[in-house]
There are 2 protein chains.
Amino acid sequence: MIRNSRQRDAIRAAIANAGRPLLPQEIHKLAQQTAPKLGIATVYRNLQALQETGEINQVMIPGDSPRFELAQQPHHHHFKCTQCGEVTTLYACPGKLAELAPEGYQMHSHELTLYGYCGECADT
Amino acid sequence: MIRNSRQRDAIRAAIANAGRPLLPQEIHKLAQQTAPKLGIATVYRNLQALQETGEINQVMIPGDSPRFELAQQPHHHHFKCTQCGEVTTLYACPGKLAELAPEGYQMHSHELTLYGYCGECADT
DNA sequence: TCAATAATGATAACCCATTATCATTAAAAA
DNA sequence: TTTTTAATGATAATGGGTTATCATTATTGA
């Protein structure tokens, strides 16, 4: 039997409001603004639970540990700032990628990450 | 002063002949066919050395540990078989990706990974 | 051939994100 | 309220890739 908790709500809200994929540590910090005593283990526990209910998805950026974002978003990709590390969601896709696969290979999905400087880091 | 070694040659040859990025463990196994007593520490040591000389490059596939491939190849991407895990080099690129970046962002590079079934796994 | 020392092999140590443990707290049904 | 037990918080433990250690081996200039 699943119960509600202030902590899970805080975690859910942090992810929903960010609009970009977050690391567990980022979720921890953000959710602590609502649930100050929140422990990191609870973050991991709830990330797993929310994945199982299909509320959130894992996002892998090359070389990084998993980030989490709301599920049921339209197809999209990500931009990672190589200066500050922030990952932004990009609602765009080059498309027609299946034809890049070799003969006899079957593509079923793809991941694209753009690297560069975010708005803030490009200025300085 | 840098000396030659049968082990380094074996590591270099394994990477050069593969034609696809390899994990340290894969390099270890392959190079052991030439240098049977090769230790894993020597593989890591030489991967670092060969990166410093610019002979090889690191390749990150989302969620995986680093792979290594020959440097100075033309721009390319990778295909990862979700069945057997093999990573293949794709000499193709959708291009025109900078325009996907948000206003005020500066893209300087990108990574694309296609996922699906390789030739062997697609058959079965 | 020989000496100097770079490179190796075996393995212990490390790093760190993630998971397990367990006593305590708090939902929520009765 | 009271009771049941899911959820939490603090922290120890884990796991797997990578690095450090150090005695031994082997390359190479003299």
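Letters A, B, ... mirror the listed sequences (proteins, then strands); counts begin at 1. Every heavy atom of this structure was used, including side-chain atoms; hydrogens, water molecules and symmetry mates were not.
- Residue A:E120 qualifies as open at atom CD: its count of foreign heavy atoms under 6.0 Å is 12 or below.
- Classified by interplanar angle (parallel below 30°, tilted 30° to 60°, perpendicular above 60°), the ring pair B:Y91/B:H76 is tilted.
- Protein atom CG of A:L47 is 15 Å distant from nucleotide atom P of D:dA7, rounded to whole Å.
- Other residues sharing the hydrophobic cluster of A:L70, ordered by chain and number and joined by side-chain separations under 4.5 Å: A:I11, A:I15, A:L22, A:I27, A:L30, A:L38, A:I40, A:V43, A:Y44, A:L47, A:L50, A:I56, A:F68.
- A:R20 has a carboxylate O that lies under 4.0 Å from a charged side-chain N of A:E26, or vice versa, which qualifies the two as a salt bridge.
- On the nucleic acid side, DNA chain C contacts chain B at distances under 4.0 Å to non-hydrogen atoms, with the end points of that region at C:dA4 to C:dT11.
- Remark: B:R12 engages B:D9 in a salt bridge, criterion side-chain N to carboxylate O under 4.0 Å.
- We find the CD-CD distance between B:E55 and B:E69 to be 14.0 Å, quoted to the nearest 0.5 Å.
- Atom pair A:I2:CD1 and D:dA6:P shows a separation of 11 Å (rounding to whole Å applied).
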Show the atom names and distances, to 0.1 Å, of all donor-acceptor pairs under 3.5 Å that link a side chain in residues 112-119 of chain B to residues at least two apart or in another chain.
none

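- To the nearest 0.5 Å, atoms CD (B:Q48) and CD (B:Q51) are separated by 7.0 Å.
- Taking every heavy atom of residues 27-35 of chain A and every atom of DNA chain D, no pair lies under 4.0 Å.
- Going from atom NZ of B:K80 over to atom CD of B:E86 covers 11.0 Å, rounded to the nearest 0.5 Å.
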Restricting to nitrogen or oxygen on both sides, can you table the protein-nucleotides 13-19 of chain D pairs closer than 3.5 Å?
unit_1, atom_1, unit_2, atom_2, d
D:dT18, OP2, B:Y44, OH, 2.3

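- Nearest heavy atom pair, residue A:L90 against residue B:A101, reads CD2-CA, 4.3 Å.
- Under a 3.5 Å cut-off, the side chain of B:R8 and the backbone N or O of B:R3 do form a donor-acceptor pair.
- For the helix from C:dT1-D:dA30 to C:dA30-D:dT1, the rotation axes defined at the first and last 5 base pairs enclose an angle of 40°, given to the nearest 10°.
- Residues A:P62 and B:P62 share a closest heavy-atom pair of CG-CG, 3.9 Å.
- Counting non-hydrogen atoms under 4.0 angstrom, B:R8 reaches the backbone sugars and phosphates but no base.
- Not less than 6.0 angstrom separates the ring centroid of A:H108 from the ring centroid of A:H110.
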